[in-house]
Colleague: 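Handing you a structure now.
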Protein chains: 2
Amino acid sequence: MLNYAAYAQVIKAMADENRLKIIDLLSCGTMCACEILKNFDFTQPTLSHHMKVLQTAGIVSAVKKGRWQYYTLLPEFTTEFSEFIKQLLRDSHECVCHSDSSCSRPD
Amino acid sequence: MLNYAAYAQVIKAMADENRLKIIDLLSCGTMCACEILKNFDFTQPTLSHHMKVLQTAGIVSAVKKGRWQYYTLLPEFTTEFSEFIKQLLRDSHECVCHSDSSCSRPD
DNA sequence: TCAATATATAGATACTTATCTATGTATCAA
DNA sequence: TTGATACATAGATAAGTATCTATATATTGA
């Protein structure tokens, strides 16, 4: 059975127009905060907040080099999340339905 | 380029532990509200709220038959959302990076 | 018709969060 | 050393939301 609570946390972190765009940016490769910021209208502290949310959720990693903070999409996230969505939307044996027999259907 | 605002709405509707479980339940097929409710501890009005959120987001459809409200996962959601996640996480030509040249990288 | 069942709606509350301004810290170039 | 740049943190505010109780509506069986 899927760990709903854990993935709900990840999906919450993705549930924002701006953070979705950040993830899309990072899907092309590593970027520093100041470059990411150029793609948005909000302020620098707001970006800092969004990046912390993405880090806490295990979506991106951060490495500091000199003045710049570089962000990278975690490969574990990419692969595991894709797999989760596949399992979630597929009628699988892992579905909660198959764990209990009370699951009735209309005719 | 991806429609972040539109998909953020869909992902917001998924960003809840309970609604994730509902989606997983419905991935096995159509179910009525009272059967779905058996899998949770919250009250019936709370389920009614969650189902409305999922409908508004275009994730499930609802059909009333007698006293029962049957919910079904929309096939359009299943296919389109999977495709969106694929495009989001892949370094593709649709990525915002390729739309503007200011996207620099570290060495 | 009446009672029970299935579901929706209204309104309230507590909690979360996206954003801002103000400010602090660290790094580097001159 | 000094000023500029990159980034984080603190604190405030406004908006959203998950949940509840109370109640309304609709359907069906007796």
Side-chain angles (χ1 to χ4, degrees), chain A residues 4-23 25-26 30-57 59-72 102-107, chain B residues 4-23 25-26 30-57 59-72 102-107:
Chain A
Y4 305 112
Y7 279 103
Q9 281 307 108
V10 175
I11 296 177
K12 267 191 187 107
M14 300 175 68
D16 179 275
E17 182 181 351
N18 297 311
R19 289 198 292 265
L20 271 187
K21 190 172 172 182
I22 292 170
I23 291 173
L25 283 164
L26 294 179
T30 297
M31 280 180 83
C32 72
C34 59
E35 280 298 326
I36 296 173
L37 189 58
K38 288 178 185 170
N39 295 275
F40 297 96
D41 290 330
F42 51 64
T43 63
Q44 175 269 319
T46 298
L47 177 65
S48 204
H49 161 72
H50 285 312
M51 298 316 299
K52 179 144 266 177
V53 171
L54 291 172
Q55 282 179 81
T56 304
I59 294 175
V60 308
S61 62
V63 171
K64 186 163 188 171
K65 284 186 188 171
R67 290 187 271 192
W68 294 280
Q69 191 71 260
Y70 286 103
Y71 294 102
T72 309
S102 74
C103 195
S104 72
R105 304 289 158 71
D107 28 75
Chain B
Y4 304 111
Y7 279 103
Q9 280 308 108
V10 175
I11 296 177
K12 267 191 187 109
M14 298 175 70
D16 179 277
E17 181 180 353
N18 296 311
R19 289 198 292 264
L20 270 187
K21 190 171 173 182
I22 293 170
I23 291 172
L25 283 165
L26 294 179
T30 298
M31 281 180 81
C32 72
C34 58
E35 278 299 326
I36 296 173
L37 188 59
K38 288 178 185 170
N39 295 274
F40 297 97
D41 290 330
F42 51 63
T43 62
Q44 174 269 319
T46 297
L47 177 65
S48 205
H49 161 71
H50 285 312
M51 297 318 297
K52 180 145 265 176
V53 171
L54 291 172
Q55 283 179 81
T56 304
I59 294 175
V60 308
S61 62
V63 171
K64 186 161 189 173
K65 284 186 188 169
R67 291 185 270 191
W68 294 280
Q69 190 71 260
Y70 286 104
Y71 294 102
T72 308
S102 73
C103 195
S104 73
R105 305 288 158 71
D107 25 74

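Every heavy atom of this structure was used, including side-chain atoms; hydrogens, water molecules and symmetry mates were not. Naming: A, B, ... by sequence-line order, numbering from 1 per chain.
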Colleague: What does A:H50 touch in the nucleic acid at a heavy-atom separation under 4.0 angstrom: a base, only the sugar-phosphate, or nothing?
Modeller: sugar-phosphate
Colleague: Of B:S48 and A:K12, whose nearest nucleotide on DNA chain C comes first from the 5' end?
Modeller: B:S48
Colleague: Round to the nearest Å and state the distance from A:K21 atom NZ to C:dA18 atom C1'.
Modeller: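 Going from A:K21 (NZ) to C:dA18 (C1'), I get 17 Å.
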Colleague: When you list every nucleotide of DNA chain D with an atom under 4.0 Å from a heavy atom of chain B, which one comes first 5' to 3', and which comes last?
Modeller: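 Reading along DNA chain D, I get D:dA18 to D:dT28.
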Colleague: Mind checking if A:F40 touches a base, just sugar-phosphate, or nothing, with heavy atoms under 4.0 Å?
Modeller: nothing
Colleague: What is the separation between atom NZ on B:K52 and atom C1' on C:dA10, rounded to the nearest whole Å?
Modeller: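 Roughly 12 Å, once rounded to whole Å.
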Colleague: How close do B:Q55 and B:A62 get, counting heavy atoms only, and between which atoms?
Modeller: OE1-CB, 3.4 Å
Colleague: Return the set of residues passing side chain to side chain donor-acceptor pair (under 3.5 Å) with A:T43 (not counting sequence neighbours), or none when no residue passes.
Modeller: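 A:T43: side chain to side chain donor-acceptor pair (under 3.5 Å) contacts with A:T46.
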Colleague: Within the structure shown, what part of the strands sits under 4.0 Å from A:Q44 by heavy-atom distance: base, sugar-phosphate, or nothing?
Modeller: base
Colleague: Within 45 degrees of the ring normal and closer than 6.0 Å to the centroid, is that where the cationic atom of A:K21 sits relative to A:F40?
Modeller: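 Geometry flag: set, cation within 6.0 Å and 45°.
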Colleague: Reading DNA chain C from 5' onward, which residue's closest nucleotide shows up sooner: B:W68 or A:R67?
Modeller: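 Nearest-nucleotide comparison on DNA chain C picks B:W68.
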Colleague: Starting at NZ of B:K38 and ending at C1' of C:dA6, how long is that distance when rounded to a whole Å?
Modeller: 12 Å
